[in-house]
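From a predicted model like this one, the values you see are computed outputs, not experimental measurements.
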Amino acid sequence: MLSSIGIPGLILILIIALVIFGPKKLPEIGKATGQTLREFKKSAREDKQEDQK
């Protein structure tokens, strides 16, 4: 899915996010997104291990 966006698309998305949220909110949003993805991967890994048992 993300591979079809390309570099110009990602730059455009980042510029739009910067305009909408402002430079002070972007690090907070990035941190929250990273934590969410980390928790999702952790729970998916745990579910996979439970299924293998």
Side-chain angles (χ1 to χ4, degrees):
M1 183 174 108
L2 288 177
S3 62
S4 63
I5 293 175
I7 298 296
L10 288 175
I11 292 171
L12 181 63
I13 290 171
L14 287 174
I15 291 171
I16 291 171
L18 182 61
V19 169
I20 291 174
F21 297 111
K24 292 185 179 181
K25 278 287 193 187
L26 283 182
E28 295 173 16
I29 293 170
K31 182 179 177 182
T33 302
Q35 288 175 344
T36 302
L37 287 173
R38 194 175 310 118
E39 287 295 321
F40 178 76
K41 286 180 182 181
K42 181 181 173 185
S43 64
R45 196 176 320 118
E46 289 173 355
D47 286 346
K48 188 175 181 180
Q49 288 176 353
E50 288 178 8
D51 289 344
Q52 289 178 352
K53 290 180 182 181

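Residues L26 and I20 are members of one and the same hydrophobic cluster, defined by side-chain heavy-atom contacts under 4.5 angstrom among Ile, Leu, Val, Met, Phe, Trp and Tyr. Linking Ile, Leu, Val, Met, Phe, Trp and Tyr whenever their side-chain heavy atoms come within less than 4.5 Å puts F21 and L18 in one cluster. Residues I15 and I29 do not share a hydrophobic cluster, defined by chaining ILVMFWY side chains whose heavy atoms lie under 4.5 Å apart. Connection of L10 to I16 is not established within any shared hydrophobic cluster, with ILVMFWY side chains joined at heavy-atom distances below 4.5 Å, either directly or through further cluster members.
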Between side-chain atoms of residues 34-44 and protein atoms elsewhere (two or more places apart, or another chain), which donor-acceptor pairs fall under 3.5 Å?
from : atom 1 : to  : atom 2 : distance (Å)
T36  : OG1    : A32 : O      : 2.8
S43  : OG     : E39 : O      : 3.3
S43  : OG     : F40 : O      : 2.9

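Applying the salt bridge (charged side-chain N to carboxylate O under 4.0 Å, His left out) criterion to E46, with sequence neighbours excluded, gives no partner residue.
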### Task
Test salt bridge (charged side-chain N to carboxylate O under 4.0 Å, His left out) on K25 and E28 and set out the steps.
CA-CA 5 Å; K25 278 287 193 187; E28 295 173 16; 3.5 Å; yes
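Scanning both residues, P27 and P23, for their nearest heavy atoms gives CD-O, 3.3 Å.
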